[in-house]
Chemist: 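Supplied in structure tokens, the structure appears directly below.
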Amino acid sequence: MTDLLGVPLESVGLGFGWVLVAMFVTLVLRGDLVSRKTLEAQVALLENRIDERDHEANEWRTEGRIKDTQIAEKDTQLRHLAEVGKSVESIMHALQKARSGGSEVAP
């Protein structure tokens, strides 16, 4: 086996090393090949961003739940005030009726 696809092995070996070096330099210059230190720094930065966004989302959810609770409490208070208003209105009509001698009809 003195040749590889019709090319002598000696010539394949000599050019192959330079091709690898050229590919390595090209990858580094294009930014496709980065050091482990750079990669770890970028990964840490992205993980921090994700953590910040998760924290922010949790804060928004908590605030939303608090607002929902406050709205429900206000609805309950408004219903209670409406009932009180109806009771006061009935009492006022009854007092007016008693004062006028019973001639008015309550609604």
Side-chain angles (χ1 to χ4, degrees):
M1 189 156 133
T2 59
D3 63 347
L4 179 66
L5 301 172
V7 179
L9 285 177
E10 293 84 24
S11 1
V12 171
L14 291 176
F16 188 66
W18 289 110
V19 170
L20 284 179
V21 170
M23 286 177 48
F24 178 77
V25 169
T26 303
L27 289 173
V28 170
L29 291 177
R30 284 182 36 193
D32 293 335
L33 192 62
V34 296
S35 67
R36 180 180 300 255
K37 184 178 179 182
T38 304
L39 178 65
E40 288 175 353
Q42 290 177 348
V43 167
L45 179 67
L46 292 174
E47 286 177 350
N48 285 339
R49 286 183 185 170
I50 290 171
D51 290 341
E52 287 173 4
R53 292 211 176 147
D54 285 345
H55 180 69
E56 186 176 322
N58 287 335
E59 285 181 1
W60 280 104
R61 283 188 199 103
T62 303
E63 287 180 19
R65 289 183 188 120
I66 291 170
K67 293 289 183 186
D68 289 344
T69 304
Q70 290 173 344
I71 289 171
E73 186 177 333
K74 283 184 180 183
D75 287 345
T76 303
Q77 289 174 351
L78 285 174
R79 277 191 231 107
H80 180 67
L81 285 174
E83 292 292 325
V84 169
K86 289 177 186 177
S87 300
V88 168
E89 184 181 13
S90 298
I91 292 170
M92 293 302 290
H93 281 294
L95 287 174
Q96 286 177 353
K97 184 177 178 183
R99 188 176 209 189
S100 65
S103 62
E104 284 189 29
V105 177

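Remember, it's a predicted structure, so these values are computed and weren't measured experimentally.
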Chemist: Let me confirm one number: the OG1-CZ distance from Thr69 to Arg65, rounded to the nearest 0.5 Å.
Modeler: 9.5 Å
Chemist: Which residues satisfy the side chain to side chain donor-acceptor pair (under 3.5 Å) test with Ser35, sequence neighbours excluded?
Modeler: Thr38
Chemist: Distance-only criterion, 3.5 Å: show the donor-acceptor pairs between side-chain atoms of residues 74-86 and protein atoms not counting sequence neighbours.
Modeler:
{"residue": "Thr76", "atom": "OG1", "partner": "Ala72", "partner atom": "O", "Å": "3.0"}

Chemist: How many angstroms lie between CD in Gln70 and CD1 in Ile66, if you round to the nearest 0.5 Å?
Modeler: 7.0 Å
Chemist: Got a sec, which residues hit side chain to side chain contact (heavy atoms under 4.5 Å, CB included) with Leu29, two or more places apart in sequence or on another chain?
Modeler: Val25
Chemist: Rounded to the nearest 0.5 Å, what separates atom CD in Gln96 from atom CE in Met92?
Modeler: 6.0 Å
Chemist: Just jot down the side chain to side chain donor-acceptor pair (under 3.5 Å) partners of Arg61, sequence neighbours excluded, or say none.
Modeler: Asn58
Chemist: Can you sort out the partners of Arg30 under side chain to side chain donor-acceptor pair (under 3.5 Å), two or more places apart, ordered by chain and number?
Modeler: Asp32
Chemist: Under 4.5 Å side-chain heavy-atom separation, chaining through any Ile, Leu, Val, Met, Phe, Trp or Tyr, what else clusters with Leu33? Say none if it is isolated.
Modeler: Phe24, Leu27, Val28
Chemist: For residues 43-57, which residue pairs pass the side-chain hydrogen bond (donor to acceptor under 3.5 Å, both in side chains) check, not counting sequence neighbours?
Modeler: His55-Glu59
